[in-house]
2 protein chains.
Amino acid sequence: MASTGELVPGTLEMLILKTLSLGSLHGYGIAQHIHRLSDEALTVEEGSLYPALQRMLAKGWVAAEWKQTPTKRRARYYRLTAAGRKQLGVESSAFERAMRAITRVMRATES
Amino acid sequence: MASTGELVPGTLEMLILKTLSLGSLHGYGIAQHIHRLSDEALTVEEGSLYPALQRMLAKGWVAAEWKQTPTKRRARYYRLTAAGRKQLGVESSAFERAMRAITRVMRATES
DNA sequence: GGTCAACCCATAGAGCATCTATATATGGCC
DNA sequence: GGCCATATATAGATGCTCTATGGGTTGACC
């Protein structure tokens, strides 16, 4: 979607944290959620999603547990930890500040 | 500012294109312009700026010319080409779409 | 006339996030 | 039995940004 590929780099983990803040979900479900809520504008590739989840597990922002889906398949459910919830706050406010700053530059007119 | 460091990755070239759309400027001036317009929120490092300008020269989005600054120093002035102006349009509308999409996801509440 | 701040360009190398491609496996449907 | 949607995961490549440098000029102040 943005420069290199589909997503704006640096926003993936924030979007995952936000998604999980609404409830536990497995990886595939996370991707679907983001895709649907963004009106199909954002597509999270599997090769981006799972590495991101591994990073976030390592940082303690999410915890994982193997469960059965409603459709009887085995899936790994991720949930937000306290640290993850805190991180969501940090990232989303930093993102908002950055967006406002970029918007200011992009709105400038000829002096 | 964002994830890795200061800028939201993928937005630097767009910010440079936008800055040059207001008039020719040398590298140093571009960095100052972005810094000032963003209320000091965005700082473009020289190690990011000059490689970006080289990439953009190679892609034909900008053209460069050595001139004298008002302060009597020799500086390389960059200006937007027609292709660069077109690219600015492409990137800024893609960016806006992405921002709207991200905002939709970030505003979601518990079902 | 020395030195310091501000001005100005540029590259090398590292780090990190994302993408492409691939591998594996199950359940439901026809 | 074959196909599609569901589901997880890694390897390798790519590309952008940052850190760390290096060089050089001008003007002002002491």
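Residue numbering restarts at 1 for every chain, and letters A, B, ... go by the order of the sequence lines. This structure is a prediction, so every number in the text was calculated from the model and none was measured.
Nucleotide C:dT22 holds its C1' atom 15 Å from the OH atom of A:Y50, rounded to whole Å. Spacing between atom CG of B:L53 and atom C1' of C:dA10 amounts to 11 Å, rounded to whole angstrom units. What separates CG of A:L49 from C1' of D:dT8 is a distance of 10 Å, to the nearest Å. Rounding to whole angstrom units, CZ of residue A:F95 and P of C:dA17 are separated by 16 Å. Here C:dC9 presents its P atom at 11 Å from CD of B:Q54, a figure rounded to the nearest Å. Between B:I30 atom CD1 and C:dA10 atom P the separation is 11 Å, expressed in whole Å. Computed from coordinates, the A:H26 NE2 to C:dA25 C1' distance equals 15 Å when rounded to whole Å. The distance between atom NE2 of B:H33 and atom P of C:dC7, rounded to the nearest whole Å, is 16 Å.
When the nucleotides D:dA9, D:dT6, C:dC19 are ranked by their closest atom to the side chain of A:Y78, D:dA9 comes out on top. Looking at the side chain of A:Y28, the nearest of the listed nucleotides C:dC9, C:dC19, D:dA7 is D:dA7. Listed candidates were D:dT25, D:dC16, C:dC9. Nearest to the side chain of B:R55 is D:dC16. For A:Q32, the listed nucleotide lying nearest its side chain is D:dT6; candidates were D:dT10, D:dT17, D:dT6. In this structure, of D:dC18, D:dT10, C:dC9, it is D:dT10 that holds the atom nearest to the side chain of A:P51. Of the candidates C:dT20, D:dT17, D:dT19, D:dT19 carries the atom nearest the B:E45 side chain, counting heavy atoms from C-beta on. Closest to the B:L12 side chain, of the nucleotides D:dT17, D:dT6, C:dA10, is D:dT17.
The two residues B:A98 and A:V8 make their nearest non-hydrogen contact at CB-CG2, 3.8 Å. Across all their heavy atoms, B:L57 and B:V62 have their closest contact at CD2-O, 3.4 Å. Across all their heavy atoms, A:L7 and A:T43 have their closest contact at CG-O, 4.3 Å. Between A:L53 and A:G27, the closest heavy-atom pair is CD1-CA, 4.1 Å.
Taking 4.0 Å as the cut-off between side-chain N and carboxylate O, A:E13 and A:K59 count as a salt-bridged pair. Salt bridge B:E65/B:R76: absent, no basic N to carboxylate O contact under 4.0 Å.
Residue contacts for A:G27: at a heavy-atom cut-off of 4.0 Å it reaches the sugar-phosphate backbone alone, with no base atom in range.
Close to D:dT25, at under 4.0 Å from its OP1 or OP2, lies no side-chain N or O of B:R73. Under 4.0 angstrom from either OP1 or OP2 of D:dT26 there lies no side-chain N or O belonging to B:T71.
Rounded to the nearest 0.5 Å, atoms CG (B:L37) and CZ (A:R107) are 12.5 Å apart.
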Under 3.5 Å, which donor-acceptor pairs link side chains of residues 79-86 of chain A to any protein atom two or more places apart or in another chain?
from	atom 1	to	atom 2	distance (Å)
A:T81	OG1	A:G60	O	2.6
A:T81	OG1	A:W61	O	3.0
A:T81	OG1	A:A83	N	3.4
A:T81	OG1	A:G84	N	3.1

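A heavy-atom distance below 4.0 Å to DNA chain C is reached by these residues of residues 61-69 of chain B, ordered by number: B:W66, B:T69.
One can find a donor-acceptor pair under 3.5 Å joining the base of C:dC9 and the side-chain atoms of B:E46. Side-chain atoms of A:R76 and base atoms of D:dT8 include no donor and acceptor less than 3.5 Å apart.
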